[in-house]
Protein chains: 2
Amino acid sequence: MKSYNESCPIALALDVIGDRWTLLVLRELLVQGPCRYTDLANGLPGIATSVLADRLRSLEDAGLIYRESAPPPVATTLFHLTAKGRDVEPILVTAGRWAVEHLDGPAPDSEFRIHWLPFAASFYLRGHEAAGLPLSIQLETPVGSGVVEATVDGVRSRVGTVPAPDLTLTGMPDGIIRLLSGASTPEEARNEGLTIDGDIEVLAGFTRDAVS
Amino acid sequence: MKSYNESCPIALALDVIGDRWTLLVLRELLVQGPCRYTDLANGLPGIATSVLADRLRSLEDAGLIYRESAPPPVATTLFHLTAKGRDVEPILVTAGRWAVEHLDGPAPDSEFRIHWLPFAASFYLRGHEAAGLPLSIQLETPVGSGVVEATVDGVRSRVGTVPAPDLTLTGMPDGIIRLLSGASTPEEARNEGLTIDGDIEVLAGFTRDAVS
DNA sequence: CGGCATCCTCTTTGATACTG
DNA sequence: CAGTATCAAAGAGGATGCCG
């Protein structure tokens, strides 16, 4: 993309991360960890392969990612985030919080990937009161599972399962999001088809962003 | 722009604010307040007028801004932010902080507008210790003046002057930014041509973002 | 003058096909 | 698997014209 050629830091940032698809490529690397080219393509429905190749080159040139020629058994190129790339996470989180506060939910026919769910869920869950840590929430949907874990180090999320979660939410992804966001109460969520197993009180322990 | 059509909140946000120029239009309205069309065009060097008109329409449709047909003496259209639009400020601030931490400074020939300076300066200055509030820093450059003011309500910045600032920094914009960012010490800044009048200690009272 | 709309050229994207 | 090649369509940039 053409540079804005401004001295403002916002414009400088957008020169690097403002291209179409760029922030979503970084999202994939943040939530999936090191990725193969095809892992990225699968997590970015609709991207043209030439565009993905271009963005990866730009991000590498800008020092946000690097390539590793992984030895067997991987035997392929892996794309990793650098510290500079990892540090865009707060930008994504801030944008995600804004979206869940101000925007309508996704369209009914929109694309969904299970590895997005725990990241989206984490937008609602910040630090956690020290009491009861560590704790974990298991998310179960027809299209896959995710975990949100709170430790003294903060809140992390990932795809997969955890042995003995403190709370398990089973249902459609949007129902889970609505519950975590406070858009629906536990009772409403149950009525909408969500199954809640375990200690619902752990949710209250997560300090929500003050939406003032 | 074509929607990403993803259920991920990040993608939903980018559907609204991910277009080229869109975040910079919002920056202008945040730092300048309500703007006329030409105010915006002047603060966005390089934007095509058709693109600006298009972005304003999109932002209005998305509910981030609204138009006011201002009566005389203004007698023209003013573009205002809505609450939804004002709430993108944290995204801009996060992006700006990332830029000042990780990116090189602006190119020597890059565009500069005085009203960007106090906003950029505020990226470095967050809350302030209660002692000594309110206080103010006057920024003086060959191309204009700005003020950063800290009160119990937080840190705000604006174009203009303040009667009796606690600290006055006179010099080139990038030298001021370098001092505020900690990239240069007060002694180095003086050697680079910056004039520091008043109590340099007020800077130390600002709590910098812990860089990890 | 302020707020666009039009026209034109150039670049970027999206979709698909193909290759080492 | 990790791209490159190709091409049509959409968007951006620049100039100018219009209309209150």
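Within every chain, numbering begins at 1; the chains are lettered A, B, ... in the order of the sequence lines, protein sequences first and strands thereafter. Just so you know, these numbers come straight off a predicted model, no measurement behind them.
Note that the first and last nucleotides of DNA chain D, 5' to 3', having any atom under 4.0 angstrom from a heavy atom of chain A are dC1(D) to dG14(D).
Rounded to whole Å, atom P of dT13(C) lies 13 Å from atom CG of L24(A). Protein atom CG of D19(A) is 9 Å distant from nucleotide atom P of dT12(C), rounded to whole Å. Regarding Y37(B), its OH atom lies at a distance of 14 Å from the C1' atom of dC1(C), rounded to whole Å. Distance, M1(A) CE to dT13(C) C1': 12 Å, rounded to whole Å. Atoms CG (L59(B)) and P (dC4(C)) sit 13 Å apart, rounded to a whole Å. In this structure, the CG atom of L52(B) is 10 Å from the P atom of dG3(C), given to the nearest Å. In this structure, CG of N42(B) is placed 15 Å from P of dC4(C), rounded to the nearest angstrom. Following rounding to the nearest Å, D54(A) (CG) and dT11(C) (C1') show an atom-to-atom distance of 12 Å.
For L81(A) against R86(A), the heavy-atom pair with the smallest separation is O-NH1, 3.6 Å. What you find for F79(B) and R36(B) is that their closest heavy atoms are CD1-C, 4.3 Å.
The cationic atom of R67(A) (NZ for Lys, CZ for Arg) does not lie both less than 6.0 Å from the six-membered ring centre of Y37(A) and within 45° of the ring axis.
Salt bridge R27(B)/E6(A): present, at least one basic N to carboxylate O contact under 4.0 Å.
Between the side chains of Q32(A) and W116(A), no donor-acceptor pair of N or O atoms lies under 3.5 Å. For the residue pair E149(A) / S136(A), no side-chain donor-acceptor distance below 3.5 Å is found, with atom types taken as modelled.
Contact check, R20(B) against dT11(C): no side-chain N or O comes under 4.0 Å of OP1 or OP2. Regarding contacts with the backbone of dA15(C), a side-chain N or O of K2(B) is found under 4.0 angstrom from either OP1 or OP2.
Distance from the side chain of R67(B) is smallest to dC4(C) among dA5(C), dG14(C), dC4(C). Distance from the side chain of T49(A) is smallest to dA17(C) among dA15(C), dG3(C), dA17(C).
With hydrogens and angles disregarded, a donor-acceptor distance shorter than 3.5 Å links the side chain of S157(A) to the backbone of P118(A).
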Could you go through I65(B) and T82(B), starting from their C-alpha distance and side-chain angles, then the distance that decides it, and tell me whether this counts as side chain to side chain contact (heavy atoms under 4.5 Å, CB included)?
CA-CA 5 Å; I65(B) 68 172; T82(B) 62; 5.6 Å; no
Verify side chain to side chain donor-acceptor pair (under 3.5 Å) between D15(B) and S3(B), making sure each step is shown before the conclusion.
CA-CA 5 Å; D15(B) 282 341; S3(B) 165; 3.0 Å; yes
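Looking only at side-chain heavy atoms (C-beta outward), T151(A) and R156(A) stay at 4.5 Å or farther from each other.
Comparing L56(B) and G46(A) along DNA chain C, the residue whose closest nucleotide (by nearest heavy atom) sits nearer the 5' end is L56(B). Nearest-nucleotide positions on DNA chain D for A53(A) and V51(B) put A53(A) closer to the 5' end.
Residue contacts for T38(A): at a heavy-atom cut-off of 4.0 Å it reaches the sugar-phosphate backbone alone, with no base atom in range.
For DNA chain D, no neighbouring residue in residues 3-15 of chain A is found when judged by any heavy atom under 4.0 Å.
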